[in-house]
Amino acid sequence: MFFGLELSFGETENALRRKGDVVISQSFAHKIGCNNDCLGQPMKVDDMELVITGIVPDVPKNTHFSFDLLVAMETEDLRYLGGCEFFTYYLLKPNTNFEAVGNKITELNNALMTEKWKEMELKPLSGIGKLTDIHLHTPVSFDLSPKGSLTQIYVVALLAFFYTVNCCG
């Protein structure tokens, strides 16, 4: 399905195929008193009419993002998002030239956004990064989860080293 997550209930391959399809987390299902018998049941979130098509186990706390609901892209009218604030993930085949693919994605996205915002004379600045770099090496200022600090890790490791040497050495 997505990021290797398999549904506890529902069909993984078809869970987010249609407008209004929603997959909910196991903890959210419990909050609303739902179990596997809620598949196909309608629910309303804000002004969106949704149908529960799957339940997914809660993601670990140390993942890049967490969620209660995942809604099919067709459900949201993207014209009203303004700045197109959503994250896109690409799964590259092994041995793919990351830099070449990244440059192409950036080029295409910049062209698309330049056309979209030409009336406002805005210049887009796109870029991509590896998911493996997201916690400590991402250059972005806004993200779905807090960023770590390599400097803080070094400081704590250094303090631990000196403490160990002075106390136990």
Side-chain angles (χ1 to χ4, degrees), residues 1-10 12-13 15-16 22-36 45-46 52-73 75-76 78 81-114 116-117 122-169:
M1 182 178 189
F2 38 85
F3 296 100
L5 297 175
E6 296 292 326
L7 297 180
S8 300
F9 300 101
T12 300
E13 295 299 318
L16 296 172
V22 63
V23 170
I24 61 176
S25 69
Q26 192 76 52
S27 60
F28 186 75
H30 289 298
K31 283 181 192 176
I32 63 172
C34 170
N35 52 38
N36 62 338
V45 176
D46 295 328
I52 300 171
T53 56
I55 300 175
V56 69
D58 293 340
V59 294
K61 298 287 185 210
N62 65 343
T63 57
H64 174 56
F65 62 92
S66 61
F67 57 88
D68 288 323
L69 307 157
L70 289 174
V71 180
M73 281 289 283
T75 304
E76 189 63 46
L78 299 178
L81 287 179
C84 297
E85 290 92 2
F86 55 89
F87 291 79
T88 304
Y89 298 86
Y90 300 91
L91 179 60
L92 304 180
K93 292 180 181 177
N95 302 317
T96 298
N97 183 326
F98 177 80
E99 188 173 326
V101 171
N103 289 338
K104 188 65 175 174
I105 290 169
T106 298
E107 177 186 317
L108 291 169
N109 193 62
N110 284 341
L112 178 68
M113 292 295 104
T114 298
K116 179 175 178 56
W117 300 110
L122 296 175
K123 182 169 176 58
L125 179 60
S126 300
I128 69 166
K130 294 180 179 180
L131 194 57
T132 54
D133 294 343
I134 204 77
H135 292 293
L136 291 175
H137 305 289
T138 182
V140 300
S141 57
F142 172 77
D143 208 343
L144 296 173
S145 61
K147 293 190 289 187
S149 167
L150 202 51
T151 302
Q152 286 180 343
I153 291 172
Y154 288 144
V155 167
V156 169
L158 193 59
L159 289 172
F161 173 75
F162 284 122
Y163 177 79
T164 304
V165 168
N166 289 328
C167 288
C168 306

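Basis for what follows: all heavy atoms, side chains included, without hydrogens, waters or symmetry-related copies. Being a predicted model, the structure only gives us computed values, none of them experimental.
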Return the minimal non-hydrogen interatomic distance between [X] and [Y], and the atom names on each side.
| X | Y | result |
| --- | --- | --- |
| L69 | V22 | CD2-CG2, 3.8 Å |
| D58 | Q26 | OD1-N, 3.3 Å |
| V59 | S66 | CG2-CA, 4.0 Å |
| P57 | E6 | CD-O, 3.3 Å |
| V23 | L16 | CG2-CD2, 3.8 Å |

Test your reading of the model: is there a side-chain donor-acceptor pair from N109 to the backbone of I105, 3.5 Å cut-off?
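No, N109 side chain to I105 backbone: no donor-acceptor pair under 3.5 Å.
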
Whether T164 side chain and A160 backbone form a donor-acceptor pair below 3.5 Å
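The answer is yes, because a donor-acceptor pair under 3.5 Å joins these two groups.
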
Could you give the distance from [atom1] ([X]) to [atom2] ([Y]), rounded to the nearest 0.5 Å?
| X | Y | atom1 | atom2 | value |
| --- | --- | --- | --- | --- |
| N166 | F161 | CG | CZ | 9.0 Å |
| M113 | T106 | CE | OG1 | 12.5 Å |
| E99 | I128 | CD | CD1 | 10.0 Å |
| I24 | H30 | CD1 | NE2 | 9.5 Å |
| S27 | D68 | OG | CG | 5.5 Å |
| I32 | F28 | CD1 | CZ | 5.0 Å |

Neighbour count above 12 (heavy atom, 6.0 Å) for F98 CZ
yes

Give a yes or no on this: more than 12 heavy atoms of other residues, nucleotides or ligands lie within 6.0 Å of atom CG of L159.
yes

Full working for side-chain contact (heavy atoms from CB on, under 4.5 Å) between K93 and T96
CA-CA 6 Å; K93 292 180 181 177; T96 298; 3.7 Å; yes

Quick check: do I55 and C34 have side-chain heavy atoms less than 4.5 Å from each other?
yes

